[in-house]
A.B. asks: 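My structure is below; once you've seen it, I'll send some questions.
What you are looking at is a predicted structure, and each value in this text was computed from that prediction instead of being measured.
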Amino acid sequence: MDDIERAQEREAQDRELCLKHRKPQLTPCGICYNCAEPVEVVAEFCDKYCREDYELRESAKARAGR
């Protein structure tokens, strides 16, 4: 295996790792994903506190394996 093949293999491993650990993308739907209050159609959350609460809960779920 030469240097180019090793670099390609490493790049593929890095890409796979990044995809595995990326945050899921939420689609704005007009409802806050945390508290279910109406929000602007372009927003996922009604404020930064709801976003933080949602992210903390999702992080806990991921650590618990759910």
A.B. asks: Going by the rule side chain to side chain donor-acceptor pair (under 3.5 Å), which residues pair with Glu58 if we only count those two or more places apart in sequence or in a different chain?
C.D. replies: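 Glu58: side chain to side chain donor-acceptor pair (under 3.5 Å) contacts with Lys61.
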
A.B. asks: Using the side chain to side chain donor-acceptor pair (under 3.5 Å) criterion, which residues pair with Asp53? Sequence neighbours excluded.
C.D. replies: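 Side chain to side chain donor-acceptor pair (under 3.5 Å) list for Asp53, sorted by chain: Asn34, Arg57.
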
A.B. asks: Residues two or more places apart in sequence or in another chain: which of them pass side-chain contact (heavy atoms from CB on, under 4.5 Å) with Ile4?
C.D. replies: Asp2, Gln8

A.B. asks: Holding to side-chain contact (heavy atoms from CB on, under 4.5 Å), I want the full list of residues that pass it with Gln25, two or more places apart in sequence or in another chain.
C.D. replies: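 Once residues adjacent in sequence are excluded, Gln25 has no partner under the side-chain contact (heavy atoms from CB on, under 4.5 Å) criterion.
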
A.B. asks: Looking at Cys32 and Cys46, what are the two nearest heavy atoms and their distance?
C.D. replies: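 The pair with the smallest heavy-atom distance is SG-N, 3.5 Å.
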
A.B. asks: Which ILVMFWY residues are connected to Leu17, directly or by a chain of links, through side-chain heavy atoms under 4.5 Å apart?
C.D. replies: none

A.B. asks: Can you sort out the partners of Glu11 under salt bridge (Lys or Arg N to Asp or Glu O under 4.0 Å), two or more places apart, ordered by chain and number?
C.D. replies: Arg15

A.B. asks: Please round to the nearest 0.5 Å and tell me the distance separating atom CG of Asp14 and atom CD of Glu9.
C.D. replies: 11.0 Å

A.B. asks: Counting heavy atoms not belonging to Glu16, are there more than 12 under 6.0 Å from its CD?
C.D. replies: no

A.B. asks: Taking atom CD of Glu40 as the centre, report whether more than 12 heavy atoms of other residues, nucleotides or ligands fall under 6.0 Å from it.
C.D. replies: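 Incorrect, the count does not exceed 12.
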
A.B. asks: Is Arg10 atom CZ crowded by more than 12 heavy atoms from other residues, nucleotides or ligands, each under 6.0 Å away?
C.D. replies: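 Counting other residues, nucleotides and ligands, CZ of Arg10 stays at 12 neighbours or fewer.
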
A.B. asks: Suppose we screen for ring pair (Phe, Tyr, Trp, His ring centres under 6.0 Å). Which residues come up paired with Tyr33, at least two apart in sequence or across chains?
C.D. replies: none

A.B. asks: Report the distance from atom CZ of Phe45 to atom SG of Cys35, rounding to the nearest 0.5 Å.
C.D. replies: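 Those atoms lie 9.5 Å apart.
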
